[in-house]
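Okay, structure first, notes after.
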Amino acid sequence: MHFDSEFEQKLYQQRQEKLQQIAALGAEIGLNPAQAIYPNSFTVSAPGWDEKQGDLIPWIKQKFDSSESSVSAEEFQAQLEADRIQVAIAGRIMAIRLQGKAGFAQLQQGGQRLQIYVRKDDVGENAFALYKLLDLGDHIGVRGYLMRTRTGELTVHVTSTPEQQGITFLAKAMLALPDKYHGLEDTELRYRQRYVDLFMNTGHSVKAAAQPQPGSEPQATQPGVFLSEGAAAVEGSAVQPAEEAPRNVREVFVKRAAILRALRKFFDTRGYLEVETPMMQQIAGGAAARPFITHHNELDIDLFLRIAPELYLKRLVVGGLDRVYEINRNFRNEGVSTRHNPEFTMLEFYQAYANYHDLMNLTEELIKFVAQEVNGSLITHFNGNEIDLGNWTRLSMREAIIRFWQPEAGPTPTVDEFRSCKEFSRIAKALAVFNLKKRQESLTEGSAFNAAYVQFNRLYSDLERAAEAAFNQKVVDGVIHGSARDTAEQQQSTLGKAVAEVFEYLAEPHLIQPTIIYDFPLAVSPLSKIKPDDPEWVERFEFYIGGFEVGNAFSELNDPIDQDNRFQQQIEQKERGDEEAMSAVDDDYVRALGYGLPPTAGEGIGIDRLTMLLTNSSSIRDVILFPLMRPRQKSAEQIAQKEEQPHGESAE
């Protein structure tokens, strides 16, 4: 085993010695070493509880120690006086105090903590000797009866009987828990050691947890000493208030599970069928992203980890499954950020005989339903913003650019300026000059203004070149007639991508409240159906909350000839250096369209991002149990290079 320090190694050895002492105590009561130090079970119990009701400690807290408890304080006290409520509980020790012949500890299970009171006279010599060998992080089981201390703290008074020990040792924490006053605060370490993060950051005030509540016995009010390794002994019993609300990591993942249940409930009640599609595919399709590549030894073929399930789900619609959905894992070989992880979870669903307008309505219903199911409210908070999930705005992409145009950059664009590269180049040029001026004012060469200046100066150059090429083709159209159409397509591709980039820069950061952005350029939407009255734009929308994209939807392209042509264009873009373009035509998918795909609308929603919004988590790593982390030995230069890599979006 690798140790981070010499102290940790010595502590590990000390814990091994304690295990030997615990084994010796077990031998005194007839247990072999395996039964004494690593028993395979402990039976928990309480009147009125069974396994179907979940973890026992949360159940006891809910029943006897909650404002929503069905048992009033007076009724509970009457029960205690009439007949002791016997319980057997198990959990991890999160605080422990020894005072002469008595002690207090807090056991944690299911994110909840319950205090125990141990007195030598009630548990006997052997069990009390075991108690003195316990450390923070150990797992134990105890038997006894419920009581309240003089301060009202619900407590299990541990007792032994001739038939059963009051304390049963279950597992030893061989490594020291993080400092009890600060918990596990290092963000990167929290992600790397989520197993520690989950039980340390459960929403309890660590400062309060360090001091179990005084008991009802006289000894309990005397100054005590906490058994905490690696830190000075703490004396006294005063509870120090926490300065801010403690982090509850466990609750984030409990809510994530609730989000998945709510999504399934929403679609199942609407007649959708949940399906599973391949995670290893011979052609990486359904999105524009760099895939991970693996190899199948027996078949001797390279395979791609799924970047999207889209093409397989639409095959199912061709097959007559008119309403399908999949909660799927996708893999994209791209950069990482607070919003991107190479492995992520998405919901994709498809509905036959519907278009993107139908899905706009359904999306609003879906998000409101999930919020109510998970949080009981349409109001959520994210990055310091209060967001009303019941109030939605709809804008076309062109309308969004116009609405969020920065007046300092020049005259507000008109709809006509979105029609050609030459006209739109004025917008790119204005943004380049605007950011150059801002960069000079900021006096920071590496500022965000500098990056934006470079971005829009490049866009301006691309648009000007495309416009010039298109003009030259018109002049010599009779001489090189065959390439005129290709040049026009390249011009529209350049224009479409430029419009999308300008939108992302100008509008996206402002989309805090729920907003649907619809009608996208064809150039960035290879799988969407074109608008009948405007063939350079497609029936596609994305919805934004909290300043980023959460979902992506469109009316599906169902013309096999058009789809085949767009796949060919993707290959041409790949040959020109676009690493995210498809590298091969999915002939089988085109063949499936040949059998007839009915008018269909489909959508993909990022589960990780939705969870961020509903749990007020600022980073995607906060909502993924085990996010991908860089190896510790990476140099600063390697990390800087990786940070500059582009990030893919949740779909096209």
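- With hydrogens and angles left out, the side-chain atoms of Thr277 and Arg315 include no donor and acceptor closer than 3.5 Å.
- Counting heavy atoms from C-beta on, the side chains of Asn565 and Ile561 come closer than 4.5 Å.
- In this structure, Phe503 and Tyr544 have perpendicular ring planes: the angle between them is above 60°, well past the 30° mark.
- Under 4.0 Å is where a charged nitrogen must lie from a carboxylate oxygen, and between Arg306 and Glu326 at least one such pair does.
- With respect to Asp519 and Arg540, no salt bridge is recorded, no charged nitrogen being found less than 4.0 Å from a carboxylate O.
- Aromatic ring pairs are classed by plane angle as parallel below 30°, tilted from 30° to 60° and perpendicular above 60°; the pair Trp537 and Phe418 is perpendicular.
- Judged by distance alone, with hydrogens and angles left aside, the side-chain atoms of Gln513 form a donor-acceptor pair with the main-chain N or O of Glu386 at under 3.5 Å.
- Taking 4.5 Å as the limit, some side-chain heavy atom of Pro598 sits within range of a side-chain heavy atom of Val317.
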Practice problem: Before giving the answer on salt bridge (charged side-chain N to carboxylate O under 4.0 Å, His left out), spell out for Lys255 and Asp622 the whole-Å C-alpha distance, their side-chain angles and the decisive distance to 0.1 Å. | Solution: CA-CA 12 Å; Lys255 283 192 175 184; Asp622 289 326; over 6 Å; no
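- In this structure, Val623 and Thr615 have side chains that are in contact, with non-hydrogen atoms separated by less than 4.5 Å.
- Every residue meeting the salt bridge (charged side-chain N to carboxylate O under 4.0 Å, His left out) condition with Arg194, not counting sequence neighbours, appears here in chain and number order: Asp197.
- Note: Phe267 and Phe349 have tilted aromatic rings, judged against thresholds of 30 and 60 degrees for the angle between ring planes.
- Contact annotation: the side chain of Glu549 never approaches that of Glu504 to less than 4.5 Å [non-hydrogen atoms, C-beta and beyond].
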Practice problem: Give the intermediate values and the outcome of side-chain hydrogen bond (donor to acceptor under 3.5 Å, both in side chains) for residues Glu274 and Tyr272. | Solution: CA-CA 7 Å; Glu274 183 173 9; Tyr272 282 76; over 6 Å; no
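- Annotation: Phe382 is in aromatic contact with Phe548 [ring centroid separation under 6.0 Å].
- The closest side-chain donor-acceptor pair between Asp564 and Tyr589, if any, does not fall under 3.5 angstrom.
- Taking 4.0 Å as the cut-off between side-chain N and carboxylate O, Glu188 and Arg630 do not count as a salt-bridged pair.
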Practice problem: I would like to know whether Thr363 and Glu603 meet side-chain hydrogen bond (donor to acceptor under 3.5 Å, both in side chains); could you show each step before the answer? | Solution: CA-CA 9 Å; Thr363 296; Glu603 182 168 353; 2.7 Å; yes
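- In this structure, the ring of Phe369 has its center less than 6.0 angstrom from the ring center of Phe266.
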Exercise. Output, in order, the C-alpha distance, side-chain angles, deciding distance and verdict of side-chain hydrogen bond (donor to acceptor under 3.5 Å, both in side chains) for Asp300 and His295.
Key: CA-CA 7 Å; Asp300 192 25; His295 186 80; 3.0 Å; yes
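- In this structure, the side chain of Asn328 engages the main chain of Met346 through a donor-acceptor pair within 3.5 Å.
- Taking a cutoff of 4.0 Å between a charged side-chain nitrogen and a carboxylate oxygen, Arg419 and Asp416 qualify as a salt bridge.
- Taking Glu423 as the reference, nothing meets the salt bridge (charged side-chain N to carboxylate O under 4.0 Å, His left out) condition, with sequence neighbours excluded.
- In this structure, the side chain of Ser555 engages the main chain of Tyr356 through a donor-acceptor pair within 3.5 Å.
- Using a 4.5 Å heavy-atom threshold, the side chains of Trp392 and Thr515 count as separate.
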Quiz prompt | Working for salt bridge (charged side-chain N to carboxylate O under 4.0 Å, His left out), residues Asp562 and Lys529 | solution = CA-CA 9 Å; Asp562 190 0; Lys529 181 176 287 189; over 6 Å; no
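- With hydrogens and angles left out, the side-chain atoms of Gln351 and Tyr353 include no donor and acceptor closer than 3.5 Å.
- Annotation: side chain of Phe331 is not in contact with side chain of Pro342 (no heavy-atom distance under 4.5 Å).
- With respect to Lys314 and Glu310, a salt bridge is recorded, a charged nitrogen being found less than 4.0 Å from a carboxylate O.
- The one candidate from Arg329, Arg621, Arg332 that meets the salt bridge (charged side-chain N to carboxylate O under 4.0 Å, His left out) condition with Glu343 is Arg329.
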Quiz item: What's the verdict on side-chain hydrogen bond (donor to acceptor under 3.5 Å, both in side chains) for Glu556 and Thr600, showing C-alpha distance, side-chain angles and the deciding distance?
Solution: CA-CA 5 Å; Glu556 302 297 337; Thr600 300; over 6 Å; no
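- Screening Asn616, Ile512, Ile545 for a side chain to side chain contact (heavy atoms under 4.5 Å, CB included) with Asn385, the sole residue that qualifies is Ile512.
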